[in-house]
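Just so you know, ligand 1 is whichever comes first in the structure, and atom 1 is the first atom listed for that ligand.
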Amino acid sequence: MRENKDARGLSIVIIMDGNGRWAKKRLLPRVAGHKKGVEAVRTLVRAAIKRDIRYLTLFAFSSENWRRPAEEVSLLKGLFINALEREIDVLHKNNIRLKVIGDIASFGPRIERLVAASERLTEKNTLLTLTIAANYGGRWDIMNAARAFFRAHPNALDDKTPTPEVLEPYLATAFAPEPDLFIRTGGEKRISNFLLWQLAYTELYFTDTLWPDFDGKTFDDAIASYQQRERRFGRTSEQVQTAQTVSPPHHEIADFSS
Ligand code: IPE
Ligand code: IPE
Ligand code: MG
């Protein structure tokens, strides 16, 4: 078995893609792929805990997925409700904190209430933060953060231009560190409006494995690839090798205070 002790403490984000193609290959309806996809999420959460991952963020429904046939959208909503209702106690018992990011008001009051209750129940849990991105879009997130920032700092443009980092407390992911590793299954090599801002210095990993087939082995392949990368954050390789710790560049920039 491959050693993955260095996966400890990582923040990993995943675009779970390929459910439809998984089903099509088996001559099954797309819904069968989505159901199998939920099982793959369960497997993944267990694998993440075993590997001491601290933050796991999963793209479940993008702001563009409303463009799908109404039947599929409603089915995905149903699966989300089911999974939340069925799994929340298990998550809580396992000391997992659940967060949901995205414009969930559009899903209606039932999901909104369920999400709020689930987040409240698990808010003090510390083993793993599991974040589900639902009706999430990276551009929405940035726009939302900008609005909130300028509402809180109406004079922010008066005498100096705010640094980009001032937006971070207003992003939907403000509670989490920047992602270390991004994984996309299903073979496409694109971001599809996921965490646009947050991925600035994240290591990207793409695999042809379809999401329902994703398991501990594929997860370890992604982590092993991450472990071979040198994260330079703009510096030279020589600088990185002599430095004690290397952090993203903006940590060296003073905070905006007004
Ligand atoms: C990902 O699988 C799940 C969601 C986007 C909700 P897809 O449904 O996109 O599967 P493919 O890409 O059609 O195979
Ligand atoms: C991205 O997958 C969104 C999710 C996995 C939730 P899509 O299947 O929607 O992405 P595109 O349309 O192929 O870019
Ligand atoms: Mg897809």
- Query: To which protein heavy atom is atom 1 (C) of ligand 2 closest, and what is the distance rounded to 0.1 Å?
  - Reply: Ile15 CG2, 3.8 Å
- Query: With atoms numbered from 1 as shown, which atoms in ligand 1 lie under 4.0 angstrom from a non-hydrogen atom of His34?
  - Reply: 3 (C), 8 (O)
- Near Arg21, which atoms of ligand 1 are under 4.0 Å from a heavy atom of that residue? 11 (P), 12 (O), 14 (O)
- Audit row: Thr202, Gln198, side chain to side chain donor-acceptor pair (under 3.5 Å) steps and yes/no: CA-CA 8 Å; Thr202 304; Gln198 296 84 342; over 6 Å; no
- Message: Nearest 0.5 Å, please: how far is CG in Asp103 from CG in Asn135?
- Response: 5.0 Å
- closest protein heavy atom to atom 7 (P) of ligand 1 is Asp17 OD1, 3.5 Å
- Query: What is the nearest protein non-hydrogen atom to atom 14 (O) of ligand 2, stated with its residue, atom name and distance?
  - Reply: Ser192 OG, 2.6 Å
- Message: Between Arg110 and Glu85, does any NZ, NE, NH1 or NH2 come within less than 4.0 Å of an OD or OE carboxylate oxygen?
- Response: yes
- Near Ala60, which atoms of ligand 1 are under 4.0 Å from a heavy atom of that residue? 6 (C)
- Message: Can you report which non-hydrogen protein atom sits closest to atom 9 (O) of ligand 2, along with the distance?
- Response: Asn65 ND2, 2.9 Å
- Examine Trp22 against ligand 1 and note whether any of their N/O atoms are separated by less than 3.5 Å. no
- When you look at Asn193 and Ser62, which way does the side chain to side chain donor-acceptor pair (under 3.5 Å) test go after all the steps? CA-CA 8 Å; Asn193 199 18; Ser62 77; over 6 Å; no
- Any side-chain heavy atom of Asn65 within less than 4.5 Å of one from Leu76? no
- Item | Minimum-distance N/O/S atom that Asp17 presents toward the Mg ion (ligand 3) | OD1
- Message: Using side chain to side chain donor-acceptor pair (under 3.5 Å), reason through Arg232 and Thr236 one step at a time and then give a plain yes or no.
- Response: CA-CA 7 Å; Arg232 290 193 284 276; Thr236 67; over 6 Å; no
- Arg147 atom CZ, over 12 foreign heavy atoms within 6.0 Å: no
- Partner of Arg97 by side-chain contact (heavy atoms from CB on, under 4.5 Å), out of Leu128, Thr129, Leu127: Thr129
- The side-chain contact (heavy atoms from CB on, under 4.5 Å) partner of Leu56 among Ile12, Ile49, Leu10 is Ile12
- Task: Measure the shortest side-chain to side-chain distance between Asp221 and Lys217 over non-hydrogen atoms and say whether it is less than 4.5 angstrom.
- Result: yes
- Query: Between Arg68 and ligand 2, is there a nitrogen or oxygen pair with a distance under 3.5 Å?
  - Reply: yes
- Glu188, portion touching ligand 1 at heavy-atom distance under 4.0 Å: neither
- Query: What part of Met16, side chain from CB on, backbone N/CA/C/O, both or neither, has a heavy atom under 4.0 Å from ligand 2?
  - Reply: backbone
- Message: Please tell me if atom 12 (O) of ligand 2 is touched by the protein, where touching means a protein heavy-atom distance below 4.0 Å.
- Response: no
- Atom indices of ligand 2, in the order listed, that fall short of 4.0 Å to a heavy atom of Phe61: 6 (C)
- So the atoms of ligand 2 within less than 4.0 Å of a heavy atom of Arg190 turn out to be 11 (P), 13 (O), 14 (O)
- Task: Pick out which of Leu91, Ile132, Leu79, Leu98 makes a side-chain contact (heavy atoms from CB on, under 4.5 Å) with Leu84.
- Result: Leu98
- Query: What protein heavy atom sits nearest atom 10 (O) of ligand 2, and how far off is it?
  - Reply: Arg184 NH2, 3.3 Å
- Any heavy atom of Gly186 sitting closer than 4.0 Å to ligand 1? no
